[in-house]
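Following: one structure in structure tokens, then a few remarks.
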Amino acid sequence: MIERLLIANRGEIACRVARTARRLGVRTIAVHSDADAGALHVAACDEAWAIGGAAARDSYLRIDRILDVARRAGAQAIHPGYGFLSENEAFAQACADAGIVFVGPPPAAIRAMGSKSRSKEIMADAGVPLVPGYHGEDQDTARLADEARRIGFPVLIKASAGGGGKGMRIVERAEAFGEALASAQREAASSFGDARVLIEKYLVRPRHVEVQVFADTHGNAVHLFERDCSVQRRHQKVLEEAPAPGLGAEKRRQMGSAAVAAARAVDYVGAGTVEFILDASGTFHFMEMNTRLQVEHPVTEMITGLDLVEWQLRVAAGEPLPKTQEQLAIRGHAVEARIYAEDPDRGFVPSIGRLAHLREPAASAFVRVDTGVREGDEIGVHYDPMIAKLVCWDVDRDAALRRLRLALAQYQVVGPVTNLDFLARVVAHPAFAQAHRDPTTLDTGLIETHREALFPPKAAVPDTALACVALAELLHAQAEARTQALRSRDPWSPWHATDGWRLNADHRHTLRLLDGASPVAVTVHFGTDGRHALDLPGGRVQASASAGRHGALEAVIDGTTLHATVVRDGARRVVFTAAGRFEVALELRETGVDAEVGGSLVAPMPGSVIDVLVTPGTRVDKGTPLLILEAMKMQHTITAPRAGVVGEIYFTKGEQVTDGATLIALEAAEAVAS
């Protein structure tokens with residue numbers, strides 16, 4: 001077994017690899033950027049080395065610095081995690097040249113599968129079914145347009161060298177092909193350093209099902225069954241589960257056999273994932289092979305009882321696979337939800353900020369939380385905004401989903417905007433919840449198909465939550481008064497009291513709140529023994545409360561006991577109850593323009609300007625692309641919200657911008673003419 005392992009990654013995957021390594025008695029070496037000096041993965045490893053600046057290109061993508069640390073720290077092997085250098089042929093080769101074990105496939109396999117075009121040719125030769133398309137080397141724009149017409153619209157443009165939805169565009173008609181191609185090529189070049197693309201027939205309402213494969217250096221290869229990853233936004237996965245609902249034993253066998261054939265075709269070693277797309281008839285087609293451990297590997301671990309990182313380390317050490325295909329079996333059902341700092345209501349734009357409050361559901365045999373952050377950590381602009389992966393298992397899909405719904409309700413985050421509420425709505429929606437009974441409801445367009453239900457208008461904060469805020473404020477004021485009294489010369493003075501008593505005045509206080517843009521008032525009529533009358537929008541209630549640790553609150557409202565958590569974050573008050581998460585502010589505050597991606601002239605988040613597409617004086621129509629911004633590893637096109645004339649452009653290509661910064665001035669055409 002390997003004795004000293006360098007983990008060339010960060011966040012939850014670095015923590016997850018370290019956990020298995022520790023169990024196996026392997027000493028772990030972390031690397032970190034300047035921004036990650038205090039990160040959880042640094043604390044999770046036995047030692048840690050700095051490798052450069054906050055930007056990934058200055059640290060986690062620096063092969064030379066990582067190998068230098070590996071040599072100096074005496075690492076025998078390097079685990080690349082996923083993302084960053086995990087599928088980088090040059091990195092795998094550099095490890096081999098340095099005499100360091102790369103915990104992953106050989107460079108030749110990475111090279112073969114790293115090019116989507118080349119991989120399609122290999123799969124065709126191996127008899128693995130493909131989606132109709134063009135995978136050639138001729139990247140002339142006219143040739144690509146001709147191939148798209150030959151295939152027939154709609155088509156899918158995909159970056160040849162990449163994945164994760166980057167460099168991918170759906171094109172519905174020929175007139176839109178040129179602009180979509182240019183956009184895909186720009187993003188592919190930025191993300192992967194390679195602008196080449198391939199074109200495939202876009203299958204309407206497909207399912208995305210992938211198969212976990214493993215191979216060793218002794219000629220053994222197996223599959224560990226499949227995962228359904230159909231629920232996606234922007235071609236990136238939101239929910240993953242194993243096994244795939246309604247797949248059937250025969251289809252599972254066929255897909256597993258095809259995946260193993262794909263791995264054998266490139267002499268694969270280690271963990272890999274063969275991704276398929278299923279059309280409406282249930283016919284499966286090869287999409288690509290990811291030559292690394294996948295983000296969603298925990299659902300496979302939960303249904304097989306295996307540790308895939310342990311398998312990786314054993315195979316890398318030259319051991320044979322621990323089990324044969326006949327010894328592998330599916331046990332129960334598992335579902336994974338990716339918890340991100342992002343705003344679903346603004347096109348899933350990433351969110352940044354300090355995790356002011358973080359409470360996870362309790363871990364058990366049924367609930368697993370893989371995370372790389374702690375309360376107080378910052379979600380910044382430099383890396384993927386994932387907070388955690390929440391994985392739930394039970395004996396069948398219904399039971400696993402019940403576990404997941406409860407765990408999502410128990411997850412508490414205050415700071416950046418998250419997708420927790422959105423995930424809860426998706427998991428509860430019949431199209432997903434009943435997919436094992438009717439698999440036709442599950443496809444990659446599920447979110448768009450059910451957009452109205454999944455993105456409901458914001459409802460008013462309920463009276464119970466407002467009551468909790470008011471009661472929490474009273475308890476906080478009492479605690480502050482007690483503290484001040486103890487510090488004073490006369491701690492027993494009646495002037496320290498917070499029971500509402502006022503000379504010649506009514507015993508009441510009005511708390512003025514802001515629910516979004518709507519003012520809300522809660523009037524407290526002070527009673528005795530902590531029992532008060534609260535005037536709420538829906539009427540008067542009798543209420544009392546006691547406080548626990550970390551914002552915990554036990555309230556009794558009109559005789560009903562309610563358990564809640566009320567978190568104070570500046571002027572914000574965030575309430576967690578069994579009914580959900582609710583937020584109000586204590587006072588009205590001016591806010592900037594609520595920028596929407598693709599419709600505003602302000603930056604929707606911090607990032608860097610990738611390209612400026614117009615010049616001052618240019619006349620534009622509504623929707624004309626003006627500027628391309630890159631943040632959180634994604635590109636966002638800022639378009640004209642109305643017709644007009646481009647005025648001053650405040651940033652140039654390569655410059656960094658802050659959240660809410662004005663990017664371009666757009667003047668009315670009439671004003672310019674006059």
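As a basis for the values below, the full set of heavy atoms in this structure was taken, side chains included, without hydrogen atoms, waters or symmetry mates.
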Measuring from [X]:[atom1] to [Y]:[atom2], what's the distance to the nearest 0.5 Å?
X    : Y    : atom1 : atom2 : result
M255 : F284 : CE    : CZ    : 6.0 Å
E187 : T637 : CD    : OG1   : 8.5 Å
E336 : C392 : CD    : SG    : 10.5 Å
E87  : M289 : CD    : CE    : 9.5 Å

Side chain to side chain, [X] and [Y], heavy atoms closer than 4.5 Å:
X    : Y    : value
Y411 : E360 : yes
V295 : K237 : no
Y134 : R150 : yes
E301 : V391 : no
L306 : L328 : yes
V222 : K323 : no
Q93  : R111 : no
E288 : M113 : no

Self-check item: salt bridge (charged side-chain N to carboxylate O under 4.0 Å, His left out) evaluation trace for D307 with R16
Solution: CA-CA 11 Å; D307 184 329; R16 187 265 168 277; 2.9 Å; yes
Assess [X] against [Y]: is NZ or CZ under 6.0 Å from the centre of the six-membered ring, and within 45 degrees of the ring's axis?
X    : Y    : result
R233 : F422 : no
R397 : F432 : yes
R451 : F455 : yes

Quiz prompt | Test: D370 and R19 ion pair at under 4.0 Å | solution =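 Result for this pair is yes, salt bridge flagged.
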So, does [X] use its side chain to make a donor-acceptor pair with the main chain of [Y] at under 3.5 Å?
X    : Y    : value
T20  : V17  : no
R425 : P456 : no
R169 : E179 : no
D228 : V209 : no
N419 : Y340 : yes
H79  : A14  : no
Q139 : V197 : yes
R338 : E296 : no
S351 : A341 : no
S257 : R253 : yes

Practice problem: Before giving the answer on salt bridge (charged side-chain N to carboxylate O under 4.0 Å, His left out), spell out for K458 and D421 the whole-Å C-alpha distance, their side-chain angles and the decisive distance to 0.1 Å. | Solution: CA-CA 12 Å; K458 184 180 181 298; D421 289 346; over 6 Å; no
Would you name the heavy atoms of [X] and [Y] that are closest together and state the gap between them?
X    : Y    : value
V373 : L358 : O-CD2, 4.1 Å
P350 : P385 : CB-CG, 4.1 Å
A244 : R252 : O-NH2, 4.1 Å
K166 : S191 : CD-OG, 3.6 Å
I303 : A334 : CG2-N, 3.8 Å

Quiz item: Hey, what's the ring geometry for F84 with Y60, parallel, tilted or perpendicular (30° and 60° as the breaks)?
Solution: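 Correct class here is parallel.
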Quiz prompt | Derivation and outcome, salt bridge (charged side-chain N to carboxylate O under 4.0 Å, His left out), residues D146 and R149 | solution = CA-CA 5 Å; D146 288 342; R149 282 189 289 270; 2.4 Å; yes
Exercise. Go through H41 and N9 one step at a time and tell me if the side chain to side chain donor-acceptor pair (under 3.5 Å) criterion holds.
Key: CA-CA 9 Å; H41 80 275; N9 217 297; over 6 Å; no
Quiz item: Is it true that atom CD of E121 has more than 12 heavy atoms of other residues, nucleotides or ligands lying nearer than 6.0 Å?
Solution: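 Yes, because the 6.0 Å sphere around CD of E121 holds more than 12 heavy atoms from other groups.
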Quiz item: Does atom CD of E452 have more than 12 heavy-atom neighbours from other groups under 6.0 Å away?
Solution: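 Open: at most 12 neighbouring heavy atoms sit under 6.0 Å from CD of E452.
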Name every donor-acceptor pair, under 3.5 Å, that has one atom in a side chain of residues 270-280 and the other anywhere in the protein, sequence neighbours excluded.
{"from": "T273", "atom 1": "OG1", "to": "R227", "atom 2": "NH2", "distance (Å)": "3.2"}
{"from": "E275", "atom 1": "OE1", "to": "H208", "atom 2": "NE2", "distance (Å)": "2.8"}
{"from": "E275", "atom 1": "OE2", "to": "N290", "atom 2": "ND2", "distance (Å)": "2.2"}
{"from": "E275", "atom 1": "OE2", "to": "Q294", "atom 2": "NE2", "distance (Å)": "3.2"}
{"from": "D279", "atom 1": "OD1", "to": "S281", "atom 2": "N", "distance (Å)": "3.0"}
{"from": "D279", "atom 1": "OD1", "to": "S281", "atom 2": "OG", "distance (Å)": "2.6"}
{"from": "D279", "atom 1": "OD1", "to": "G282", "atom 2": "N", "distance (Å)": "3.2"}
{"from": "D279", "atom 1": "OD1", "to": "T283", "atom 2": "N", "distance (Å)": "3.0"}
{"from": "D279", "atom 1": "OD2", "to": "H285", "atom 2": "NE2", "distance (Å)": "3.3"}

Self-check item: Trace of the side chain to side chain donor-acceptor pair (under 3.5 Å) decision for Q232 with T444
Solution: CA-CA 6 Å; Q232 302 179 6; T444 57; 5.7 Å; no
